[in-house]
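See below for the structure under consideration.
Letters A, B, ... are given to chains in the order of the sequence lines, protein chains preceding strands, and every chain is numbered from 1.
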Amino acid sequence: MSQQNPTAEAVAEPDRPPGRGDGATRARRPALLSGAVGRNLGLVLALAALCVVGVVTAGDRFASFDNVMTILRLAAVVGVLSIGMTFVITAGGIDLSVGSVMGLATVWASTLATQTMAEDYHWSIVVLTALAVGTAAGLVNGVLIAYGNVVAFMATLAMMVAARGLAEIISGRQTQIVKVDGFLDAFRGDLLGIPVLVWMFFVVAVLGWILLNRTTFGRRTIAVGGNPEASRLAGIKVRRHLMYLYGLAGLTAGIAAVMMLARTTAGSSTHGQLYELDAIAAVVVGGTLLAGGRGTIVGTVLGVLIFMTLTNVFTQNNMSISAQAVTKGVIIVVAVLLQQRFARRSST
Amino acid sequence: MATTKASATPLLQMRGIVKTFPGARALDGVDLVVRAGEVHCLLGQNGAGKSTLIKVLAGAHQPDEGEILVDGEPVTIAHPVAALEHGIATMYQELDVVDGLSVAENVFLGHEVTNAGFTRRREIARRTRALLERLGHGEIPPHREVGRLSAAGKQIVSMARALSRDARVIVMDEPSAVLDSGEVENLFRVVRQLTASGVAIVYISHRLDEIRQIGDRITVLKDGATVATDLAVGDTPTPALIELMTGRAVESTFPARPGVADDAPVLLSVRDLALAGVFSDVSFEVRAGEIVGLAGLVGAGRSEILETVYGARRATSGSVQVEGRRIAPGSVPAAVRAGLGLCPEERKSQGLVLDEPVYRNVTLPSFARFARAGMLDEAAERAAADEQEVALDVRPAGTGRAARTLSGGNQQKVLLGRWLVQGCRVLLLDEPTRGVDVGARAEIYALVRRLADAGDAVVVVSSEIEEVLGLADRVLVVSDGRVVHQGPADQIDEHGVLDLVMEGSVA
């Protein structure tokens, strides 16, 4: 961390009389203001402002239930990828391959062979194939990074290129239509009036939140991201944990592939292009530190929703994709600048 | 005219400096008077405001009140370059040299000698050589990459940089912390040369013996204010200084040694341990209740021995046994399971997750124990950490605060508490009092002794021979990767250790 911390010495006052209760409350107050709640509040306000813009410019077309569900359904795929990405980035890593791996998983799970097997036995074979392909690719990343000492950026860049290529080879660059009815029935419908895809995003986000904030796995992730050497010397198996983390990112790519197959009813080697960048942007805008050591699932979800709502508002107003891209860029920069200011304030 | 003025007016004066940060008054009326050609020592515990004061001098912070005078003229130091323009250079504890650049490039970093945008490499090499010679280190080649120099060499580069800016006041923040005793001697020689040529040094150190050797006058800070200034080093006894710094009298620093029973069980047994190219044939035992110290120069292999025993480095050969059970080589998790715990040399980079709360730092090796089926029980975790916080008297209290906000001594206590929660039997302490102030040192010594008395085995590595001899029951002297002496700590003195070290390095 390169942020200056001018008062670290001043705050530590070994000479002051103990005053235990006093010290404890003083420690907690700034945590509330500049902590998770405060940061997420900013994101909620930004999202609310976007919605206001949407209502003002597009009226009922924006504010309808169907449109909200459209936003959520589109957010779901990138959202699931972003949950996995949150873990990797919290641990101080990066995964550029999730978009490609997702594309590869859609192709592999929709080949003639897979579909025939699914018709013969059970539609869940499509799901299991996608999850297995995603997880396997993630574990390859993990082994290279953790045990091969390849820099995460390069290992996952290589996977990004290679997985896309493999998807093209397998599919022969053809779109593979999914005809397994059981699969389509299971994932394309609604549950309690809300699309199954949105439920899946919700469940993955909740599980991700629990995993990051309430389990030993999450604690290890934060510790490894905050100080890998201290974690190692405390007896944490840092390498193994890193491998699991990239495996987890791969698993979310597999889940995203299932959702993508359901949404588009087709597997394609072009699925998920640039999704990794959308995921990274959502994670960082959400407040997870790119340097590692701090991660927030709620922030990531809000980040994903902000970007998707933005896209929707632009589309509703028939504005160009290019203008969207410029706005996205500006949002990323503003968010990162604001974060730095918060970080500086909370460290004093 | 400047010379007549300099003799009458102090080179640098600071009067009534106040600096407030949100929620903390870091400086609360600091006075400092530095004369040309003196070594002015700045003393104070961690948190007394020394770092903030240095940053004000370096232009990194703006004071809220008070004035700074250079040659009797009031000046404002608005930014770091302004400090250099007024002749004030700062050497930070973490030396700010760029490892990838050459010595000459580092010296002229930020004020490169250029010709139409092209650097004049030969010219800066020539000037660098002249500066290095002035510092008595003409043997450092200006084109050498700084990353290949030792810590002492980097310090010389940092000093040459200050001189290249025509610095008249050089602030040195714990310059000896990264040096061994031979290198410290050399540093002192350079400091004396600088002061002889009229440069003033503001010298910050926790080691009072150094201040006795090199200092002229002393200013003591406490709680952000000057409590004593203009003390002549020769006339001020150490207890008086400690009392000024801590506000209380500190009696004997080292706790009494109760002695180790002959039938005390051997907890740690190291046999023929070797790490290729670093050390070999290291064998020793530590009994329950015993503190064993490893003494030797920096680079002799002391830290490496500790880290290899702990499994953080994989031994080339030899074995480590804890309570008679051999532990797998090169595996920290195995060592921790067997009951070993390491408090590493670099607390901040190797020990703590600085932005995480104290309680999570305390439970870093043991948090899995507070979990059922992978789900953490943070309440139990905090309770365990709170218990250690009280037992070890970590201040300020509150295990929810970030570890970053604690002083060095209290961070060390957090690391000790970590292994107490884990329930380890053999504690390995690497430089346990580095960057820890005088008052807190005595507390840490007492704590370590209390742990030994409670039946733990302790191994201590320290660059300060006095500390090893004062704290340990038994001493191993390490030189050039070999143990050259083992024996009771009270049967050898500092000279004896140094003799052994010198012999060892000659042989």
Handout entry: Ion pair B/Glu381/A/Arg219, N-O distance below 4.0 Å
Key = yes

Practice task
With the side chain counted from C-beta on, respond yes when A/Phe217 and B/Leu376 share a heavy-atom pair under 4.5 Å apart, and no when they do not.
Solution key: no

Handout entry: Close side-chain approach of B/Met375 and A/Thr215, heavy atoms under 4.5 Å
Key = yes

Practice task
Please examine the side chains of B/Tyr310 and A/Leu233, heavy atoms only from C-beta on, and report whether any two atoms are closer than 4.5 Å.
Solution key: yes

Handout entry: Interface moiety of B/Leu364 toward chain A, non-hydrogen atoms closer than 4.5 Å
Key = both

Practice task
Flag yes if more than 12 heavy atoms outside B/Glu387 fall under 6.0 Å of its CD atom; otherwise flag no.
Solution key: no

Handout entry: Contact class of A/Ile210 relative to chain B, heavy atoms under 4.5 angstrom
Key = side chain

Handout entry: B/Glu431: partners by side chain to side chain donor-acceptor pair (under 3.5 Å), with sequence neighbours left out
Key = B/Ser463

Problem - Distance in Å, A/Arg214 CZ paired with B/Asp377 CG, rounded so as to fall on 0.5 Å steps - result: 10.5 Å

Practice task
Using a 4.5 Å cut-off on heavy atoms from C-beta on, say whether the side chain of B/Arg360 contacts that of A/Ile222.
Solution key: yes

Practice task
With a 4.5 angstrom heavy-atom cut-off, could you sort out which part of B/Gln350 is near chain A: side chain, backbone, both or neither?
Solution key: both

Fill in the blank from the handout: Between the CD atom in B/Glu378 and the CG atom in A/Asn213, the distance rounded to the nearest 0.5 Å is 8.5 Å

Problem - Check: A/Arg232 side chain, B/Ala312 main-chain N or O, donor-acceptor pair, under 3.5 Å - result: yes

Exercise for the section: Please look at B/Gln422 and chain A and tell me whether the side chain, the backbone, both or neither of the residue comes under 4.5 angstrom of a heavy atom of that chain. Expected result: neither

Problem - Contact winner vs chain B - A/Ala234, A/Gly235, A/Gly293, heavy-atom pairs under 4.5 Å - result: A/Ala234

Practice task
Count the heavy atoms belonging to other residues, nucleotides or ligands that lie under 6.0 Å from OH of A/Tyr147, then report whether that count exceeds 12.
Solution key: yes

Handout entry: For the student: nearest non-hydrogen atoms of B/Phe367 and A/Ile236, plus distance
Key = CE2-CD1, 4.0 Å

Exercise for the section: Verify, without hydrogens or angle tests, whether A/Asn227 (side chain) and B/Ser349 (backbone) share a donor-acceptor contact under 3.5 angstrom. Expected result: yes

Fill in the blank from the handout: Honestly, the part of B/Val353 sitting under 4.5 Å from a heavy atom of chain A is both

